[in-house]
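To keep things clear, I will list the structure first and then write my remarks on it.
Here is the naming used below: chain letters follow the sequence lines, and residue numbers restart at 1 for every chain.
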Amino acid sequence: VTDPVLRRVIEIVKQVAGPQRTPAEVGPSTLLAGGGFWLDSMELFEVILACEAAFGSVFRGLDEDAARVFHTAGSLATAIRARTQA
Amino acid sequence: VQVAALPPLLGVLRRMPGGPAKGTLILVGIVQAFLDGACWRRARAWAAVHASGPGDRRRLLARLLANRGRFLATALGVGTPDPESFRRQLVFEGRDRLDALVRTGGIMLLGFHLGPGGTAAKLGLAGYVVTTAGAGLRFRVPAPSYAWVGGARSPSIVWADAPSRAAGLHRLSELLQHGGIVSLTADSREDGRPAFEVPLPGRTLRVRAGWFVLRRLTGAPTLPVLTSEIGRRSVVTIHPPLPDPDPDLERDRAACRETLAPILREYVRRFPEQCLSLALWPDEGARP
C-alpha cells in the first residue's frame with residue numbers, strides 16, 4: 001500500500017480490530033465489518049474518532065453516506081481524501 | 001404480525017373518537033400478549049414476582065398488559081387531541097436539575113424503556129430542544145394519527161446498522177460538544193455492546209454501551225430520566241446527574257451502576273405495571 005491516507009487508515013483499523021481480527025492480507029478492498037475486520041458500531045465509532053485525530057474534522061454530515069464510507073478500508077480512505085480536499 | 005398489522009389499524013383508529021380508539025389499542029395489546037405464549041408466560045412470571053397475593057397478581061397482570069396499548073396510544077397521540085391538552089397532563093420532577101445545566105454545555109438524558117416514554121417530545125412541549133437517537137419505531141405510522149406528537153418532537157437521528165449507528169454516535173458527540181441536549185435509551189433491544197448489568201427484582205436490566213462511551217468521550221453531564229403515568233398525569237422525573245467520568249474504566253462502570261441501581265429498583269417497586277421492557281421483552285442476554 002503506497003497511498004499515505006490508505007496506509008494510515010489501515011493502521012488505525014488494525015489497531016482498533018486487534019491482531020486476532022486482522023485478516024492475513026489487508027488492502028483497499030478489505031471489508032471493515034462482516035467478512036473483513038468484523039468491526040461493530042462501537043469500533044467503527046472508535047475508527048471515526050481516531051481518523052479525526054489523524055486527519056482533522058472530516059466526518060461532518062456523514063449520516064447519509066455512512067454505509068458507503070464504512071464499507072471497506074479503501075472507501076474510507078477515499079472519503080477522507082475527498083473531504084480533506086474539499 | 002404486530003409490525004404488519006399496526007399501520008392499517010392505526011389508520012382506522014385515527015378516524016375514531018379518542019376514547020374508543022385508545023380502548024381498542026389497549027384491547028389489541030392484551031389479546032396479542034395472550035396469543036403470544038412466551039410473552040404471556042413472561043408477563044405472568046413478572047406479576048408473580050411483584051404482586052402481594054393472587055388477587056393482586058391478576059390486577060397487576062391486567063394493568064401491565066393494558067399499559068402496552070395505553071403507552072402506544074400516548075406515544076402516537078391517539079386519544080390526545082392536541083399538544084395543549086397533553087401539556088396540561090405533564091408534570092416535570094427535578095426540572096431544576098436540567099435548567100441548572102442547560103447553560104453550561106452539552107447534556108445527555110439517559111432514558112430506559114420503562115413507563116410511557118416520549119421524553120424528548122414531552123420536554124419539547126416544555127420548550128427544550130432534545131435530539132433523540134435510536135433505531136426508531138419498527139412500524140410505519142400513518143402521519144395524521146401522529147401529527148401533533150411529530151410536531152412536538154425534537155430532531156432525531158435514526159440508525160439501522162453498524163455504520164449508521166457509528167455515524168449517529170459521532171453526530172451526537174458533536175451535538176454534545178456544541179452544547180446540545182441529547183436523549184438516548186440505555187436498554188435498547190438493538191445488538192449493542194453491553195456496558196454493565198443491573199440486577200432488579202424479577203429481571204436483570206442489561207445496560208448498553210453507546211451512551212456510556214459518549215459520556216466518557218465528551219464528559220457531558222448525564223441525567224437519568226424516567227417517565228411514569230400516575231392517574232391522569234404523565235410524569236417525567238429528571239434524576240441527579242451520574243458521577244463525572246472516572247479515568248479508570250472499571251471504576252467508572254461501577255460508579256454508574258451503583259448510581260443507577262437504586263433509581264431503577266425504586267421505579268420497579270413503585271410501577272411494576274409500567275415496566276413493559278422488563279416484564280414482556282425476551283431476555284436476549286440470558287440465552288445460552
For residues 69-78 of chain A, dump all side-chain donor-acceptor pairs below 3.5 Å to protein atoms at least two apart in sequence or in another chain.
from: A/T72; atom 1: OG1; to: A/P28; atom 2: O; distance (Å): 3.2
from: A/T72; atom 1: OG1; to: A/G74; atom 2: N; distance (Å): 3.4
from: A/T72; atom 1: OG1; to: A/S75; atom 2: N; distance (Å): 2.9
from: A/T72; atom 1: OG1; to: A/S75; atom 2: OG; distance (Å): 3.3
from: A/S75; atom 1: OG; to: A/R68; atom 2: O; distance (Å): 3.2
from: A/S75; atom 1: OG; to: A/V69; atom 2: O; distance (Å): 2.9
from: A/S75; atom 1: OG; to: A/H71; atom 2: N; distance (Å): 3.4
from: A/S75; atom 1: OG; to: A/T72; atom 2: N; distance (Å): 2.9
from: A/S75; atom 1: OG; to: A/T72; atom 2: O; distance (Å): 2.9
from: A/T78; atom 1: OG1; to: A/G74; atom 2: O; distance (Å): 2.8

Rounded to the nearest 0.5 angstrom, the CG-OG distance for A/L49 and B/S173 is 6.5 Å
If you count the non-hydrogen atoms of other residues, nucleotides and ligands that lie under 6.0 Å from CD in A/Q15, is the total more than 12?
no
Need one label for A/L32: side chain, backbone, both or neither, based on atoms under 4.5 Å from any heavy atom in chain B.
neither
Write down the atom of B/L217, the atom of A/F45, and the distance for their closest heavy-atom approach.
CD2-CZ, 3.6 Å
Could you give me the CA-CA distance, side-chain angles and deciding distance for B/R171 and A/R60, then say whether side chain to side chain contact (heavy atoms under 4.5 Å, CB included) is met?
CA-CA 8 Å; B/R171 179 80 192 108; A/R60 204 149 281 162; over 6 Å; no
In Å, rounded to the nearest 0.5 Å, how long is the span from CG of A/L44 to CG of B/L169?
10.0 Å
Is B/L214 in contact with chain A via its backbone, its side chain, both, or neither, using a 4.5 Å heavy-atom distance?
side chain
Is there side-chain contact between B/R165 and A/D40, with heavy atoms separated by less than 4.5 Å?
no
Heavy-atom distance under 4.5 Å between the side chains of B/H170 and A/E52, does that happen here?
yes
B/A162 and A/S41: which non-hydrogen atoms are nearest, and at how many Å?
O-CB, 3.6 Å
